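Here is the structure we will look at, set down as structure tokens.
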Amino acid sequence: MSNRNAIFAVVNAIPPGQVATYGQVARLAGLPGAARLVGNILHTVPEDTRLPWHRVVNAQGRISLPADSASYSEQIARLCAEGVIIEKGRLSLTQYQWRPTESPNPHSNRMPA
DNA sequence: AGCGTGACACGAC
DNA sequence: GGTCGTGCCACGC
């Protein structure tokens, strides 16, 4: 399995109404420190994908896309539809960040409470 | 095969 | 508390 697929698997495992940071996804995918790669990969994802890419935000709880892009508003719309409240382009990580309990990779999920 | 790149994270101001 | 600058990794050209 390529790392790309590993990242897909992790993102795919994020429950609705919750979000994960790029770094978190990278770690869960077994690629600590490769946060940028996650964004890079997600950017190459086709638009018609089933992947819940909108549940991935940066460590600041902000949408990491250009505010004028279509994907930006798309992401906000989807999150909002799942009950995630976003203010000033920011959301509360402490409230919505995914706490992986039964991740596909129980191997490397290290996330302090 | 090598180099630049990016939807980031983290430590400092 | 926010903003700025540097480091990191794997991907794609």
Side-chain angles (χ1 to χ4, degrees):
Chain A
M1 151 162 336
S2 69
N3 297 320
R4 199 172 72 260
N5 288 331
I7 292 176
F8 287 151
V10 173
V11 175
N12 208 20
I14 306 175
Q18 296 192 270
V19 300
T21 68
Y22 290 92
Q24 184 179 6
V25 172
R27 280 193 302 271
L28 293 174
L31 301 168
R36 306 193 68 166
L37 181 62
V38 176
N40 220 322
I41 294 298
L42 290 182
H43 187 252
T44 66
V45 164
E47 301 175 0
D48 61 332
T49 185
R50 306 296 177 192
L51 203 70
W53 55 270
H54 57 277
R55 295 179 193 147
V56 185
V57 298
N58 63 26
Q60 303 175 28
R62 301 179 96 273
I63 309 298
S64 196
L65 282 74
D68 58 337
S69 70
S71 304
Y72 180 84
S73 45
E74 176 77 17
Q75 181 165 12
I76 292 184
R78 290 195 186 185
L79 288 176
C80 184
E82 295 182 356
V84 178
I85 300 176
I86 303 176
E87 276 186 328
K88 308 302 290 184
R90 282 208 301 222
L91 59 82
S92 174
L93 278 179
T94 43
Q95 184 175 351
Y96 297 113
Q97 186 172 48
W98 177 37
R99 305 272 189 91
T101 55
E102 305 174 53
S103 73
N105 287 11
H107 188 295
S108 55
N109 51 352
R110 262 337 210 113
M111 204 60 185

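Throughout, protein chains are lettered first and strands after them, A, B, ... in sequence-line order, and every chain is numbered starting at 1. Quick caveat: nothing in here was measured; it's all calculated off a predicted structure.
- In this structure, Arg90(A) reaches the sugar-phosphate backbone alone: every heavy-atom distance under 4.0 Å involves primed, P, OP1 or OP2 atoms, never a base.
- If you take CZ of Arg4(A) and C1' of dC9(C), they are 16 Å apart, rounded to a whole angstrom.
- For Leu37(A), taking side-chain heavy atoms from C-beta onward, the closest of the listed nucleotides dG7(C), dA9(B), dC11(C) is dC11(C).
- The CD-P distance, from Glu74(A) to dA7(B), rounds to 17 Å in whole Å.
- Taking atom CG of Leu31(A) as the reference point, atom C1' of dA9(B) lies 15 Å away to the nearest angstrom.
- Nearest heavy-atom pair, Leu51(A) versus Arg78(A), reported as atom, atom and distance to 0.1 Å: O-NH1, 4.5 Å.
- Here dA9(B) presents its C1' atom at 13 Å from CD of Gln97(A), a figure rounded to the nearest Å.
- When each of dC8(C), dA7(B), dC11(C) is scored by its nearest atom to the side-chain atoms of Tyr22(A), the top-ranked nucleotide is dA7(B).
- With dG6(B), dA10(C), dA7(B) as the candidates, the nucleotide lying closest to the side chain of His43(A) is dA7(B).
- Among all heavy-atom pairs drawn from Val57(A) and Gly61(A), the shortest one is CG2-CA, 4.2 Å.
- Listed nucleotides: dC9(C), dC11(C), dG7(C). Nearest to the side chain of Arg36(A): dG7(C).
- Taking only side-chain atoms of Ala59(A), from C-beta outward, the nucleotide of dG6(B), dA9(B), dC11(C) with the closest atom is dA9(B).
- Although no hydrogens or angles enter the test, the distance criterion places a donor-acceptor pair under 3.5 Å between the side chain of Gln24(A) and the main chain of Trp98(A).
- Across dA7(B), dG6(B), dA10(C), the shortest atom-to-atom separation from the side chain of Leu65(A) is found for dA7(B).
- Among the heavy atoms of the strands lying under 4.0 Å from Asn58(A) are primed sugar atoms or P, OP1, OP2 only; no base atom is included.
- Side chains of Arg36(A) and Asn40(A) form no contact here, defined as non-hydrogen atoms less than 4.5 Å apart.
- Going from atom CD1 of Ile41(A) over to atom C1' of dA10(C) covers 8 Å, rounded to whole Å.
- What separates CZ of Arg27(A) from P of dC9(C) is a distance of 15 Å, to the nearest Å.
- One atom, CG of Leu51(A), and another, C1' of dA7(B), lie 13 Å apart when rounded to the nearest Å.
- Applying the 4.0 Å criterion to OP1 and OP2 of dT5(B), one finds that Asn40(A) has every side-chain N and O outside that range.
- Side chain of Thr49(A) to backbone of Pro46(A): no donor-acceptor contact under 3.5 angstrom is found.
- Per the geometry, CG belonging to Leu42(A) stands 20 Å off P belonging to dC9(C), to the nearest Å.
- Nearest to the side-chain atoms of Trp53(A) among the listed nucleotides dA9(B), dC8(C), dA7(B) stands dA7(B).
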